[in-house]
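Right, one structure below, let's go through it.
Fair warning: this is a prediction, and the values are worked out from it, not measured in the lab. A note on names: the letters A, B, ... follow the listed sequences, proteins ahead of strands, and every chain is numbered from 1.
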There are 2 protein chains.
Amino acid sequence: MAEREVDRSVSQTVKAQLALRDQILSGALRPGERISELQAVETTGASRTPVRMALVRLEEEGLLEAIPSGGFMVKAFSERDISDSIELRGTLEGLAARFAAERGVSARELEPLKECLAAIDELLRQVPISVDAFSSYVTLNARFHALLTELSRSPPLIRQIDRASALPFASPSGFVMAQSALPEAQQILIIGQDHHRVVIDAIENREGARAEAVMREHARLAVRNLRLALRNRTHLDLLPALALIKTATD
Amino acid sequence: MAEREVDRSVSQTVKAQLALRDQILSGALRPGERISELQAVETTGASRTPVRMALVRLEEEGLLEAIPSGGFMVKAFSERDISDSIELRGTLEGLAARFAAERGVSARELEPLKECLAAIDELLRQVPISVDAFSSYVTLNARFHALLTELSRSPPLIRQIDRASALPFASPSGFVMAQSALPEAQQILIIGQDHHRVVIDAIENREGARAEAVMREHARLAVRNLRLALRNRTHLDLLPALALIKTATD
DNA sequence: TGTATGCGTTGTGTATACAATAGCGGAGGA
DNA sequence: TCCTCCGCTATTGTATACACAACGCATACA
């Protein structure tokens with residue numbers, strides 16, 4: 001009897017965590033809404049213990065908030081929370097770039113980053129960029145940022161950046177998607193690519209301050225564009241994290 | 001029958017979390033050592049479910065590391081991990097100070113910070129500083145940093161700073177204690193107090209860049225002093241987090 | 001008619017039983 | 001003597017049962 005389909009390839013805890021995260025980011029669970037464990041058990045197929053573990057993890061991740069009287073609710077974010085989160089990640093990435101530059105990086109370690117850069121250049125040559133190419137861009141951009149973070153060789157910093165990127169709107173992919181809502185999207189992507197180029201150059205020449213400054217500017221650009229995108233609310237359905245933005249308040 | 005003493009005033013999960021953290025920071029559990037759930041159940045008095053919840057939380061906090069094959073082990077930190085963590089927090093606090101300065105803070109909001117500053121000044125007037133006064137200093141310093149963080153008015157940033165301070169050696173109290181191991185401790189504390197004074201002044205005058213710079217310098221001072229303290233390993237028993245430093249490796 | 005109290009239901013916090021897996025030790029063969 | 005394989009044990013992952021607390025609704029009294 002396959003009444004309860006048990007997938008043994010992945011732990012129930014992880015399965016529940018992924019399922020719940022999907023529900024939150026897809027907007028199936030509204031911000032501020034209390035999450036019922038019982039309901040979560042039904043929708044995820046796991047039992048209460050792994051569901052509870054998943055809820056604790058999602059709380060630490062920042063997607064949920066503990067209710068004092070017990071249980072969890074979906075966290076709601078203001079527009080400022082989102083822009084602050086992006087700037088926060090930019091600051092952290094700036095520190096990572098500085099560490100990479102100051103501590104030195106061999107040409108061999110820089111190679112994957114340069115390949116990534118070249119691949120993005122190739123994509124941006126299309127005018128206007130196709131939907132498929134844009135999707136590839138999102139992936140490549142996330143890869144670029146991940147590689148750059150790694151170059152810092154600082155586990156505590158890498159860990160913190162990962163945490164900061166857990167909130168979808170603060171992840172590299174998140175704000176790229178937000179930018180895509182703007183008419184001048186392609187131009188923005190090209191400016192961003194310039195930043196990528198500069199940070200590699202700065203790291204190669206061991207210019208820590210310059211490497212840091214450009215990554216922070218990179219994030220500030222993203223913040224400005226997110227603000228613009230939120231003004232003219234077109235195509236914002238591309239941004240899944242929008243489900244988390246406070247609607248009534250603020 | 002009080003065979004199992006159940007304290008209903010605080011949840012079993014929190015109780016277990018605190019007990020386990022104590023065990024880790026006191027060195028009762030060595031870095032790299034696997035934590036047995038069964039053993040944790042015995043030492044904490046809670047049952048397996050809350051113990052597991054506590055373990056997940058401590059992992060997210062950064063004190064534990066998940067073992068791929070299952071279970072958790074006490075995380076081990078290198079000296080560089082520690083100095084990176086301090087610099088990381090300094091960077092975050094720098095951003096908080098910048099936010100406070102740029103967004104504006106009323107005189108009334110700045111008042112508690114100034115009181116804190118004055119109280120520390122009072123303490124440092126003693127030469128040499130007494131043990132009691134030093135203990136008060138640790139508390140006041142933590143309070144100063146917490147108040148400053150709050151002034152940013154940015155929940156995501158505050159949250160991230162809290163996380164960064166979860167590792168005891170990266171908390172304000174942690175590195176103050178490390179500094180105390182140095183003969184020139186008092187002089188260092190006075191320099192730190194100068195930083196505190198400057199950051200308040202910068203926030204008052206809405207000089208974001210200056211506010212940020214001084215907080216980063218504040219952290220860099222702490223890193224330098226921690227390095228010195230670790231060189232001449234005297235009085236380092238004052239630093240409880242030392243239990244987490246890798247011994248053999250690195 | 002409004003408010004307060006009590007009872008019922010729902011849901012979380014905790015405990016424990018069961019299942020599955022990984023690691024270790026012993027035994028047998030090369 | 002060493003290597004390999006099989007089985008056992010210990011420990012984790014999962015499921016579920018139980019207890020208590022909180023919220024809501026209804027009813028009764030002012």
If the cut-off is 4.0 Å, is [X] near the phosphate of [N], judged by side-chain N/O to OP1 or OP2?
{"X": "A:Arg52", "N": "C:dG13", "result": "yes"}
{"X": "B:Ser47", "N": "C:dA15", "result": "yes"}
{"X": "B:Thr13", "N": "C:dG13", "result": "no"}
{"X": "A:Ser69", "N": "D:dA21", "result": "no"}

Whole-Å gap separating [atom2] ([N]) and [atom1] ([X]):
{"X": "A:Gln39", "N": "C:dT10", "atom1": "CD", "atom2": "P", "value": "14 Å"}
{"X": "B:Phe72", "N": "C:dA22", "atom1": "CZ", "atom2": "C1'", "value": "17 Å"}
{"X": "B:Met73", "N": "D:dT11", "atom1": "CE", "atom2": "C1'", "value": "17 Å"}
{"X": "A:Ile35", "N": "C:dG13", "atom1": "CD1", "atom2": "P", "value": "13 Å"}
{"X": "A:Met53", "N": "D:dA15", "atom1": "CE", "atom2": "P", "value": "12 Å"}
{"X": "A:Gln12", "N": "C:dA20", "atom1": "CD", "atom2": "C1'", "value": "13 Å"}
{"X": "A:Leu38", "N": "D:dA15", "atom1": "CG", "atom2": "P", "value": "14 Å"}
{"X": "A:Glu37", "N": "C:dT12", "atom1": "CD", "atom2": "P", "value": "5 Å"}

Worksheet item: When you match B:Arg34 and B:Arg48 each to their closest nucleotide on DNA chain C, which lands nearer the 5' end?
Response: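 Going by which nucleotide is closer to the 5' end, it is B:Arg48.
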Item to complete: Answer yes or no: side-chain N or O of A:Ser11 and base N or O of D:dT14 forming a donor-acceptor pair under 3.5 Å.
Response: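 Absent.
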Worksheet item: Under 30°, 30 to 60°, or over 60°: which ring-plane class applies to A:His196 and A:His145, parallel, tilted or perpendicular?
Response: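 Perpendicular.
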Discussion item. Show the nearest heavy-atom pair for residues A:Glu60 and A:Arg163, with the distance to one decimal.
Written reply: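 Where A:Glu60 meets A:Arg163 most closely, the heavy atoms are O-NH2, 3.8 Å.
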Worksheet item: Quick one: does A:Asp162's side chain get under 4.5 Å of A:Ile158's, heavy atoms only?
Response: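 Heavy-atom side-chain distance check passes, below 4.5 Å.
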Fill in: side chain to side chain contact (heavy atoms under 4.5 Å, CB included) partners of A:Pro155, counting only residues at least two apart
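So A:Pro155 forms a side chain to side chain contact (heavy atoms under 4.5 Å, CB included) with B:Asp81.
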Fill in: Contacts of B:Glu115 that satisfy side chain to side chain contact (heavy atoms under 4.5 Å, CB included) - sequence neighbours left out
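So B:Glu115 forms a side chain to side chain contact (heavy atoms under 4.5 Å, CB included) with B:Glu111.
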Discussion item. Classify B:Ile67 by what it touches in the nucleic acid, base, sugar-phosphate, or nothing, heavy-atom distance under 4.0 Å.
Written reply: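 Answer is nothing: B:Ile67 stays at 4.0 Å or more from every strand.
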